[in-house]
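In each ligand, atom 1 is the first atom listed, and ligand 1 is the first ligand listed.
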Amino acid sequence: MTDIDKQLFEAAEAVRARAYAPYSNFHVGAAVLADDGNIYAGCNVENAAYPVGNCAEPSAIAAMLAGGAKRIKRVYVTGPGSEPVTPCGGCRQRLREFADLDVTVISHGVEGEPLHATLGELLPHSFGPEFLDQNN
Ligand code: THU
């Protein structure tokens, strides 16, 4: 594991310990390396009204924006078990807003091996901000 991936893993795991997931008991952490060189992390936050809960990835994106950074350069997601905890479909689209398609997303069920994939592999033929006239 490279030094940056070790830092991302540790940040994701540190925040995963603070996840609020009393309903699923599935604690997820996400860490992003941003264009300012900093790492921003977030956890899932569930709610008694189940659909209102949110995933770890948007929490990390919110932390990045709040910290003043704009773009995602690398992503690390951690969760329980031995199978890679890959971002859900909605989170792939949320990452797509702030990351190029060649950005590496590392998905890790911490009892197993991490899976490396690009965002473009996770979300092929995707729709993004450049499709909208106002962004052209
Ligand atoms: N979860 C995430 O935080 N990220 C994902 O990409 C997959 C799912 C959370 C949402 C919910 O709190 C729990 O995992 C079970 O689905």
Exercise for the section: Just do the side chain to side chain contact (heavy atoms under 4.5 Å, CB included) check on D36 and M64 with the steps written out, would you? Expected result: CA-CA 10 Å; D36 65 355; M64 179 189 79; over 6 Å; no
Fill in the blank from the handout: shortest atom 9 (C) of ligand 1-to-protein heavy-atom contact is with N44 ND2, 3.5 Å
Exercise for the section: Take L33 and Y76 through the side chain to side chain contact (heavy atoms under 4.5 Å, CB included) test and state the conclusion after the steps. Expected result: CA-CA 9 Å; L33 174 65; Y76 209 117; over 6 Å; no
Problem - E97/R94 salt bridge by N-O under 4.0 Å criterion - result: no
Handout entry: Sub-4.0 Å heavy-atom approach of A21 to ligand 1
Key = no
Handout entry: Test of proximity, A56 against ligand 1: N or O pairs below 3.5 Å
Key = yes
Practice task
Considering non-hydrogen atoms only, spot the tightest contact between T118 and L101 and give its length.
Solution key: CB-O, 3.5 Å
Practice task
Starting from atom 11 (C) of ligand 1, find the nearest protein heavy-atom neighbour and note its residue, name and distance.
Solution key: E46 OE2, 3.3 Å
Exercise for the section: Number the atoms of ligand 1 from 1 as they appear, then name those within less than 4.0 Å of a heavy atom of C88, with their elements. Expected result: 5 (C), 6 (O)
Problem - Residue and atom name of the nearest protein heavy atom (relative to atom 4 (N) of ligand 1), distance in Å to one decimal - result: E57 OE1, 2.9 Å
Exercise for the section: Keeping the roles fixed (side chain from D100, backbone from D102), state whether a donor-acceptor pair exists under 3.5 Å. Expected result: no
Handout entry: Region of V77 engaging ligand 1 - heavy atom pairs below 4.0 Å
Key = neither
Problem - N54 N/O under 3.5 Å from ligand 1 N/O - result: no
Problem - Residues R96, E130: salt bridge by 4.0 Å N-O rule - result: yes
Problem - Where ligand 1 meets T86 - atom numbers and elements under 4.0 angstrom, heavy-atom basis - result: 6 (O)
Fill in the blank from the handout: For P87, the atoms of ligand 1 under 4.0 Å from one of its heavy atoms are 6 (O)
Exercise for the section: Without swapping roles, check the side chain of R92 against the backbone of L122 for a donor-acceptor pair under 3.5 Å. Expected result: yes
Practice task
Examine the proximity of ligand 1 to C55 and report which part, side chain or backbone, both or neither, has a heavy atom under 4.0 Å away.
Solution key: both
Exercise for the section: For residues H108 and E113, report the shortest heavy-atom separation together with the two atoms involved. Expected result: CD2-C, 3.9 Å
Practice task
Specify whether the nearest protein heavy atom to atom 16 (O) of ligand 1 is under 4.0 angstrom away.
Solution key: no
Problem - Per-atom contacts of ligand 1 with S24, taking only distances under 4.0 Å to non-hydrogen atoms - result: 13 (C), 15 (C)
Practice task
If the plane angle is over 60° it's perpendicular, under 30° parallel, otherwise tilted; pick one for F131 and F127.
Solution key: tilted
